Visitor: 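Okay, handing you the structure first.
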Amino acid sequence: MKKIMKNKIKYFYNVTSEYEGELGFELSEVEALLPKILDNLLKIDEVRDNTCFSGLKFKSLSFDILFIDDTKIQEINREYRDKDCSTDVITFALFADDDFKMVMEGDIYLGEILISVDTAKAQAKVDIKEEVLTLICHGILHLLGFDHQIEEDYNFIVDIQNRVLSLL
């Protein structure tokens, strides 16, 4: 894996919004910070050495981020997680959850991050952009294969995302 890290990994991402209200941040500002978030995550040994793609040869990582409202995320939460409530972020970690881990033409498609703007606004301690970046970092960690079924794992993820966000 370290050999791969010497070569610059390319990141491809699609950031879109279906949110009908005012976002409270610019999509372009969020997009501009994605490479830095990924670079900072992959510089952390505990993250880099334990990703879902550790040991695989690849040239690029790709994923999607979609901003939606509470109604839409509740529908998705109900359909895919059997939880009939809204939530802040849902991640479909397609590569991490795939037993075959296929790398197509040097690219790893990690999956999709769905973020409820309504919930992010309600949770925002400072401003919506900071909350959105926290949720994105959290979602990327899920795409990389990290989960938090127990408190220790949750604390690890929160510590990592706080470290990465402090570098922005």
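Computed from a predicted model, the values in this text were never measured in an experiment.
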Visitor: Any chain of hydrophobic side-chain contacts (each under 4.5 Å) joining Leu168 to Ile160?
Guide: yes

Visitor: Under 4.5 Å between side-chain heavy atoms, hopping through other hydrophobics if needed: is there a path connecting Phe63 to Ile73?
Guide: no

Visitor: What's the separation between atom CD1 in Ile90 and atom CD in Gln74, rounded to the nearest 0.5 Å?
Guide: 10.0 Å

Visitor: State plainly whether the residues Asp69 and Lys121 are in salt-bridge range, i.e. N to O under 4.0 Å.
Guide: no

Visitor: I'd like to know if Leu27 and Val117 are part of one continuous hydrophobic network [Ile/Leu/Val/Met/Phe/Trp/Tyr, side-chain heavy atoms within less than 4.5 Å].
Guide: yes

Visitor: Does Leu114 belong to the same Ile/Leu/Val/Met/Phe/Trp/Tyr cluster as Ile157, with side-chain heavy atoms less than 4.5 Å apart forming each link?
Guide: no

Visitor: What is the distance from atom OG of Ser62 to atom CE of Met104, rounded to the nearest 0.5 Å?
Guide: 11.0 Å

Visitor: I'd like to know if the side chain of Asn50 and the backbone of Glu46 have a donor-acceptor N/O pair within less than 3.5 Å.
Guide: yes

Visitor: Would a distance-only check, ignoring hydrogens and angles, find a side-chain to backbone donor-acceptor pair under 3.5 Å from Asp98 to Leu94?
Guide: no

Visitor: Would you give the length of the straight line joining atom CE of Met102 to atom CG of Leu56, rounded to the nearest 0.5 angstrom?
Guide: 12.0 Å

Visitor: Tell me which donor-acceptor pairs under 3.5 Å the side chains of residues 12-26 have, and how far apart each pair is, sequence neighbours excluded?
Guide:
{"residue": "Tyr13", "atom": "OH", "partner": "Glu31", "partner atom": "O", "Å": "3.3"}
{"residue": "Ser17", "atom": "OG", "partner": "Tyr19", "partner atom": "N", "Å": "3.1"}
{"residue": "Tyr19", "atom": "OH", "partner": "Asp118", "partner atom": "OD1", "Å": "2.6"}

Visitor: Do Asn40 and Lys43 have side-chain heavy atoms sitting under 4.5 Å apart?
Guide: yes

Visitor: Is there a side-chain contact between Asn77 and Cys85, using heavy atoms and a 4.5 Å cut-off?
Guide: yes

Visitor: Would you check if the side chain of Lys59 reaches a backbone N or O of Asp107 as a donor-acceptor pair within less than 3.5 Å?
Guide: no

Visitor: Side chains of Ile9 and Phe58, heavy atoms from C-beta outward: is any pair under 4.5 Å?
Guide: yes

Visitor: Minimum heavy-atom separation for Leu41 to Cys137, with atom names?
Guide: CD2-SG, 4.2 Å

Visitor: Would you kindly confirm whether Leu66 and Leu38 end up in one hydrophobic cluster when ILVMFWY residues are joined by side chain heavy atoms under 4.5 Å apart?
Guide: no

Visitor: Can a donor-acceptor pair be found between the side chains of Thr119 and Asp70 at a distance below 3.5 Å?
Guide: yes

Visitor: According to ring-ring contact (aromatic ring centres under 6.0 Å, His included), does anything in residues 124-147 pair up with another residue at least two apart or in another chain? List the pairs.
Guide: His138-His142, His138-His148, His142-His148, Phe146-Phe156

Visitor: Distance check, rounded to the nearest 0.5 Å: Ile44 atom CD1 versus Asp49 atom CG?
Guide: 11.5 Å

Visitor: Which of these, Thr134, Ile128, Asp88, sits in a side chain to side chain contact (heavy atoms under 4.5 Å, CB included) with Gln123?
Guide: Asp88

Visitor: I need the single residue from Ile140, Leu143, Thr51, Leu110 that forms a side chain to side chain contact (heavy atoms under 4.5 Å, CB included) with Leu61. Which is it?
Guide: Leu110

Visitor: Which heavy atom of Tyr109 sits nearest to which heavy atom of Phe95, and what is that distance?
Guide: O-CB, 3.3 Å

Visitor: Just how far is it from atom CD1 of Ile76 to atom CZ of Arg81, taken to the nearest 0.5 Å?
Guide: 11.5 Å

Visitor: Under 4.5 Å between any side-chain heavy atoms of Val164 and Leu141, yes or no?
Guide: no

Visitor: Using every non-hydrogen atom in the two residues, find where Cys52 and Lys101 come nearest and quote the distance to one decimal.
Guide: O-CE, 3.5 Å

Visitor: Closer than 4.0 angstrom, basic N to acidic O: yes or no for Arg163 and Asp159?
Guide: yes

Visitor: Can you tell me how far apart CD (Glu29) and CG (Leu133) are? Round to the nearest 0.5 Å.
Guide: 9.0 Å

Visitor: Would you call Ile136 and Leu33 a side-chain contact if the rule is heavy atoms closer than 4.5 Å?
Guide: no

